[in-house]
S.K.: 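Have a look at this one before I ask anything.
In what follows, chains carry the letters A, B, and so on, assigned in the order in which the sequence lines appear, proteins first and then strands, with residues in each chain numbered from 1.
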Amino acid sequence: MPRKPAAPVNAPAYWLMKTEPDLFSLDTLKAKGVAPWDGVRNFQARNHMREMVVGDVVFIHHSNAEPSGIAGLAIVMRIAYPDHTSWDPKSDYFDAKSTPDKPRWSMVDVAYHATFGRYLALPELREMPELADMILLQRPRLSVQPVGPRHAALLLRLGRPDRPAPASRP
DNA sequence: GCCAACGTTGGC
DNA sequence: GCCAACGTTGGC
């Protein structure tokens, strides 16, 4: 018997993260250059961030927008580390169950990469059969999610970013 | 602003 | 460890 293929070495290299543009938009990230993605308070979303590696491509989705949709791309610059806002009582993201000794939440650093030449509005994406099984369209509440390579390729083509996505991990 | 989906909390 | 109540997300 041939050995089973190794467990997923090729975890997804494409991700999607949601943000409310009123609070933090792709333009905000563009102005900052690099920023920590803090405030994620959902275990599944957190676990996805913990799987990211430097160089992964992140689709930035604007939620609670008119319309909501994918605005462009960011790149992971630093792998997951403790989200210090979780133990700051003054932070909106404070969580009494998280301490510096036992951090419960994580964040990654991302860099602005590109703004799509065309904003990919959610209603438009919903009309595409190829995207019907995208997590974005099926699980409206998951704020950090993997994007499959086929979906990623299509989104990149649709958005025609002014700069191509960098080659990602194999 | 409404409300469906769904994750989390807490009583038992 | 079940599950009802509650809170939040986020599309519309």
S.K.: A:Phe43 has an atom CZ; how far is it from atom P of B:dG7, in whole Å?
M.R.: 12 Å
S.K.: Look only at the side chain of A:His62 and the backbone of A:Pro21, and say whether a donor-acceptor pair between them is shorter than 3.5 Å.
M.R.: no
S.K.: Could you check how far CG of A:Leu16 sits from C1' of C:dG10, rounded to whole Å?
M.R.: 13 Å
S.K.: Rounded to whole Å, please give me the gap between CG in A:Asp92 and C1' in C:dG7.
M.R.: 16 Å
S.K.: Please give, in whole Å, the distance from C:dG11 C1' to A:Leu125 CG?
M.R.: 13 Å
S.K.: Please give, in whole Å, the distance from B:dC3 P to A:Asn64 CG?
M.R.: 17 Å
S.K.: Please find the pair of heavy atoms, one from A:Trp105 and one from A:Ser98, that lie closest to each other, and give the distance.
M.R.: N-OG, 4.2 Å
S.K.: Out of curiosity, A:Leu158 CG to A:Met128 CE, how far, rounded to the nearest 0.5 Å?
M.R.: 4.5 Å
S.K.: Rounded to whole angstrom units, what separation is found between the NZ atom of A:Lys18 and the C1' atom of B:dG7?
M.R.: 14 Å
S.K.: Specify the separation, in whole Å, of atom CG of A:Asp22 and atom P of C:dT9.
M.R.: 15 Å
S.K.: Could you walk me through whether A:Asp95 and A:Arg104 satisfy the salt bridge (charged side-chain N to carboxylate O under 4.0 Å, His left out) test, starting with their C-alpha distance in whole Å, then the side-chain angles of each, then the deciding distance to 0.1 Å, before giving a yes or no?
M.R.: CA-CA 9 Å; A:Asp95 177 358; A:Arg104 173 184 260 213; 3.6 Å; yes
S.K.: With a 4.0 Å limit, can you tell me whether A:Arg141 has a side-chain N or O closer than that to the phosphate oxygens OP1/OP2 of B:dA4?
M.R.: no
S.K.: Check every atom of C:dG10, B:dG7, C:dG11 against the side chain of A:Ser68 and return the nucleotide holding the closest atom.
M.R.: C:dG11
S.K.: Classify the nucleic acid contact of A:His61 as base, sugar-phosphate or nothing, counting any heavy atom under 4.0 Å across all strands shown.
M.R.: sugar-phosphate
S.K.: Check the distance between C:dT8's C1' and A:Gln44's CD and give it to me in whole angstrom.
M.R.: 16 Å
S.K.: Quick check on B:dT9: is either OP1 or OP2 less than 4.0 Å from any side-chain nitrogen or oxygen of A:Lys97?
M.R.: yes
S.K.: Kindly say whether, by distance alone, the side chain of A:Arg41 makes a donor-acceptor pair under 3.5 Å with the base of C:dT8?
M.R.: no
